[in-house]
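Just follow the structure's listing: the first ligand is 1, and inside any ligand the first atom is 1.
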Amino acid sequence: EHGITKPRGHKVSFHYNSRVEDMHFGKTHPMKPWRLTLTKHLVLGYGLHYAMDTYEAVSAGKDQVRAFHDPDYVDFLAEVSPQTFAGLCENPRFAQHTPPKHEHDTVDLGPFNLSTSPGADCPVFDGMSTYLFLYTGATLAATQQLTTNQSDIAINWSGGLHHAHRAEASGFCYINDIVLSILDMLRVYPRVLYIDIDVHHGDGVEEAFQRQPRVMTLSYHRYGPYDETGHKFFPGSGDLSDVGLRGTVGEHFALNVPIPSGIDDRQYRFLFESVTGRAIEAFKPSAIVLQCGADSLGGDRLGQFNLNIKAHGECVSFVKRTRLPLLILGGGGYTARNVARAWCHETALATDNTLPDSIPLDIVPRPEAFQGKPNGDGKLYPSFPRLHNNACKDAELEYMVKKLEW
Ligand code: TV1
Ligand code: CA
Ligand code: ZN
């Protein structure tokens, strides 16, 4: 009666542990783990669990996390809490990792870019260790399903934290589960393609594999010169000319597609399909990792793109058509109801299901957006813009695809 069917010809596994839902980064922090509660409820509500094998994730072990991260950093993450933070900061082993103070710093940074000051990107919060090792455990379990041929597609919406570095937290990311997964995949697959549709540049993953020709990283992201506030869009890297570490065997195994604000469905589809298609042709990956950050949707609290859920999902369908082993991960996404709709829709796509139209595939504005206030020209404008008002020029995007040809 739910109308959900198992996919024919491939197996999908879903990796999750509800304990990640209760975490709070802080009252005003944009990262809201309860978006995962909404996602879970939609997935179960539609009956999509009948179409997949569902696995309760267990925590990753410290040894597994050390495959990429600095041993001091791993110990710190395993022991840190708001109660233990000050004490750990005194420990010379960790204190040596405290970044030097900058004049314009608005928050006090402790070791590894972690902080208990309000406003920090990477705060120390209650239950943090549990959260980090759980989302990592879910990604590693999903990876193992693929490498042992037990699944063709494996999904972990709580993973995809692409900014974390070897010994540094960055941009809401502490453990780079993506890097750990790809390192695991390299044991069995000759070449892994990493695709990142989060609105932010996947800098941590690119950096980790900058000398590794067996991994190609491809990120689509908002990028541009300084904005109205004199800042660059985070993290400020990922220019077109950034193609991997020059003079090493990794050169040309990174691709970056920098995008102006306001890109729409048609323009994004054009960019994504031409560049991803060419990358797959040239690189001939043996497996693909797709980071599906939902902050590239229109109306995102931090993002500046104008994508609808349908177009975001078409990236998943396009990659799925390669029929290569596929790991699907979450990432950013700061307007929770749209994140949940997108990821539920993409779970349906992965399992060859079509959801009834009662789930809207257009992005949904905040209720306040309907209480528009009159503007100079007499029209009603939403107080919270539903979509970014910039328009992106077709010619610029076409020029970029040309320049990217290698
Ligand atoms: C606490 C409270 C932290 C309110 C952070 C937005 C906040 C942001 C906050 C915020 C915020 C960023 C920067 C900080 C440059 C740095 C999961 C020194 C309203 C994958 C990470 C974006 C994106 C980090 C992560 C960015 C991901 N934007 N309110 N912080 N300064 N940091 O700009 O790619 O989606 O915004
Ligand atoms: Ca990206
Ligand atoms: Zn993001």
Side-chain angles (χ1 to χ4, degrees), residues 20 23-33 35-36 99 101-109 113-125 131-132 135 139 156-165 168-179 194-206 217-223 226-227 229-239 242 254-259 263 268 271-272 275-276 289-297 300-305 307 312 315 329-336 338-339 342-343 384:
V20 300
M23 304 299 170
H24 293 276
F25 279 62
K27 234 182 164 169
T28 60
H29 197 289
M31 180 57 101
K32 307 287 184 196
R35 68 208 174 116
L36 300 165
K101 258 199 170 37
H102 285 286
E103 235 184 291
H104 302 289
D105 278 356
T106 45
V107 293
D108 266 336
L109 295 178
N113 199 27
L114 300 177
S115 175
T116 45
S117 327
D121 272 357
C122 300
V124 172
F125 54 89
Y131 167 77
L132 305 180
Y135 78 65
T139 295
N156 171 24
W157 295 125
S158 66
L161 297 154
H162 58 178
H163 297 305
H165 301 282
E168 193 190 290
S170 169
F172 321 161
C173 305
Y174 304 76
I175 296 178
N176 201 317
D177 59 307
I178 308 168
V179 171
Y194 172 67
I195 308 172
D196 185 317
I197 60 170
D198 189 289
V199 75
H200 298 97
H201 176 220
D203 58 347
V205 185
E206 179 182 315
T217 59
L218 165 55
S219 175
Y220 296 84
H221 44 266
R222 170 77 179 92
Y223 179 90
Y226 299 93
D227 66 11
T229 62
H231 293 285
K232 277 194 171 182
F233 193 75
F234 187 85
S237 49
D239 193 5
D242 171 7
L255 279 175
N256 284 294
V257 185
I259 302 172
I263 191 170
Y268 198 90
L271 269 187
F272 186 84
V275 177
T276 307
V289 177
L290 179 59
Q291 196 268 21
C292 297
D295 47 7
S296 41
L297 294 172
D300 187 81
R301 184 170 159 204
L302 298 189
Q304 303 182 357
F305 289 171
L307 302 189
H312 198 269
C315 300
L329 300 172
Y334 306 100
T335 300
N338 292 328
V339 177
W343 289 349
F384 183 92

ask   = With a 4.5 Å heavy-atom cut-off, do H29 and P123 have their side chains touching?
value = yes
Can you tell me the N, O or S atom of [X] that's nearest the Zn ion (ligand 3)?
X	result
D295	OD2
H200	ND1
D198	OD1

ask   = Looking at the Ca ion (ligand 2), which N/O/S atom of D196 is the nearest one?
value = OD1
request  = With the Ca ion (ligand 2) as the reference point, give the N/O/S atom of H200 that is nearest.
outcome  = O
Looking only at the aromatic ring of each residue, does the gap between the centers of [Y] and [X] stay below 6.0 angstrom?
X	Y	answer
F305	Y220	no
Y131	F25	yes
F234	H163	yes
F233	H221	no

query = Can you list the steps and then say if D198 with H200 is a side chain to side chain donor-acceptor pair (under 3.5 Å)?
reply = CA-CA 5 Å; D198 189 289; H200 298 97; 3.2 Å; yes
note = Sorted by chain and number, sequence neighbours left out, side chain to side chain donor-acceptor pair (under 3.5 Å) with K27 holds for none
key: Atom pair CD1 (I195) and SG (C292), whose distance is rounded to the nearest 0.5 Å   = 9.5 Å
query = Are side-chain N/O atoms of T139 and N156 paired as donor and acceptor at under 3.5 Å?
reply = yes
ask   = With a cut-off of 3.0 Å, does any N, O or S atom of S219 fall short of it relative to the Ca ion (ligand 2)?
value = yes
query = Mind checking what residues have non-hydrogen atoms under 4.0 angstrom from ligand 1?
reply = T28, H29, P30, M31, G119, A120, D121, L161, H162, H163, G171, F172, D198, H200, F234, D295, L302, G331, G332, Y334
The Ca ion (ligand 2): angle it makes with O (Y220) and O (D198), nearest 10 degrees = 70°
